[in-house]
Amino acid sequence: MSGHSLAKKSLFVGSFIHSKSLDSLEFWHDAVICVDEKGVIVAVEKGLTLEKAQETLFPRLGWQASDVTVRVAQPGQFFFPGFIDTHIHASQYPNAGIFGKTTLLDWLNKYTFPMESSLASLPKAKIIYTRCIERTLSHGTTTAAYYATISVPSTNLLADLCLSHGQRAFIGRCCMDTLSPDYYRDESPESSIANTKATIEHIKEIDPNNNLVTAIITPRFAPSCTSELMHGLGALQKETNLPVQTHISENKNEIELVKKLFPDSKHYTDVYDSHGLLCSKTILAHGVHLSEDEVDMIIERKAKISHCPASNSAITSGTAKVRWLLQKGVEIGLGTDMSGGYSPSILEAVRQAALVSRHVAMSGDDEAKLSIEEVLFLGTKGGAQVVGLADKVGSFEVGKEWDAQLIGLGKVDETEVGGVKDEGGVDIFGWETWDDRVAKWVYNGDDRNTLAVWVKGRLVHERKH
């Protein structure tokens, strides 16, 4: 069931799991978290029952029990931070799973540009965007960095819908004034920048403090933008201090194309840097084939990378060397990159990140393998760093906002007969350690295990039973 309730004081009781660091999870059992009406965590206490919390915490916080909503995780259930999708194309949602035998450049022309251009129709856009938001929320995505289309009304509609559904979002109007079909491109660099400003103004009007929705400057990728447009967008970034999102080094043919189009640039990363688009607020999607020099430049500018393992495999782009990037000091999150990626689920991206790292390891670098702890960090705390919200979300700490999901795993009951209950693909027999339960969830879980989702303290999704 989608929809959301207004935030009020809340007490969450039970087991909590979150990333303590890149390589470690923290488990709290018999714990409580208090969240105020602004959605901010105001107390975290371990070893407390519901009754003890009401006796000791409520007076300290000046809370009355009658004003507080209580949610108790049942035995075997746990609260986990909301997932953060650092790269997703809302406008491509109907094409999820459709890519045939294509690779990046022909995939764009065959599937992507026709779908995106059709969303100039607002009734169609509303259906697609609404379902995309509902679907990502149902998979536990509390924050998404969205690409929309070149259409201002359609992009603004996506922002409106994210706000009304209660999903935290970065909304980007795609800027592209060359090397795209005549029917789907900006008329000029000037019109592209003017239209981007129109969406920025709209988002300022509907969410002046960016409590949930923030505009993000979105040059689609270097091949689809003239130098004049990218210089203009770089200047706009400096003027507004807004984040930037784009694609980089996804596919070898794309990299060769960039070399031909920008012969004066040292490499793909330098194209963005020389146009003022590489900064600490830049999210670079993919980064599959980056050179050492490019990574050094990314680190120097403090830009971030969105690792999109499902997409990189699905459209045959390559295997990103995430361990190497992490060791170099790059901040990395995960992206679904739907619909290059086939799934709207960051949990799917988490497991694909683990599997892709093993393919890198099979080529001779055994250190490349990523652990369960590491891929879950990338899907939560790492993602928060990438989108510039590390001080707000990604873990359960006093002062951060309550973006969370309640996870339930199917318990095998030997007294029950009559087939498998619809509780997802995870079967818990009772003897598993908590580490094992989390591993089984990562490799076998899906949206059926996501029982409820909160953003900024508001219930935004609850699974029907």
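Being a predicted model, the structure only gives us computed values, none of them experimental. Computed over heavy atoms, backbone and side chain alike; hydrogens, waters and symmetry mates excluded.
- Residues in residues 187-226 take part in no ring-ring contact (aromatic ring centres under 6.0 Å, His included) pair, two or more places apart or across chains.
- Salt bridge D186/R220: absent, no basic N to carboxylate O contact under 4.0 Å.
- Scanning for salt bridge (charged side-chain N to carboxylate O under 4.0 Å, His left out) contacts around D446 gives R448, with sequence neighbours left out.
- Residue pairs that meet the salt bridge (charged side-chain N to carboxylate O under 4.0 Å, His left out) test with at least one member in residues 332-350, sequence neighbours left out, are E348-R351.
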- Stepwise side chain to side chain donor-acceptor pair (under 3.5 Å) test for S395 and E397: CA-CA 6 Å; S395 58; E397 299 170 51; 2.5 Å; yes
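- Partners of K259 by salt bridge (charged side-chain N to carboxylate O under 4.0 Å, His left out), not counting sequence neighbours, listed by chain and number: E256.
- Residue T149 comes nearest to R173 through the heavy atom pair O-CG, 3.3 Å, listed as atom of the first residue, atom of the second, then distance.
- Under the 4.0 Å criterion applied to side-chain N and carboxylate O atoms, D67 and K8 are not assigned as salt-bridge partners.
- With sequence neighbours left out, the salt bridge (charged side-chain N to carboxylate O under 4.0 Å, His left out) criterion links E187 to no other residue.
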- Dump the intermediate steps for side chain to side chain donor-acceptor pair (under 3.5 Å) on Y111 and Q92, then the final yes or no. CA-CA 9 Å; Y111 298 109; Q92 296 174 21; over 6 Å; no
- Walk me through it: do D85 and T336 pass the test side chain to side chain donor-acceptor pair (under 3.5 Å)? CA-CA 6 Å; D85 192 339; T336 59; 2.7 Å; yes
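- With respect to the salt-bridge test (charged N to carboxylate O, under 4.0 angstrom), the residues E401 and R458 do not qualify.
- Between D403 and R168, at least one side-chain N (NZ, or NE/NH1/NH2) sits under 4.0 Å from a carboxylate O, which counts as a salt bridge.
- Two rings, from F12 and F79, have their centers less than 6.0 Å apart.
- For the side chain to side chain contact (heavy atoms under 4.5 Å, CB included) with L370, the lone residue among L22, V356, L326 that qualifies is L326.
- A side-chain hydrogen bond (donor to acceptor under 3.5 Å, both in side chains) check over residues 230-245, counting only residues at least two apart or in different chains, returns the pairs T218-Q245.
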- Item | Trace of the side chain to side chain donor-acceptor pair (under 3.5 Å) decision for N156 with T199 | CA-CA 6 Å; N156 293 353; T199 286; 3.0 Å; yes
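- Note: H87 and Y147 meet the aromatic proximity criterion, with ring centroids under 6.0 Å apart.
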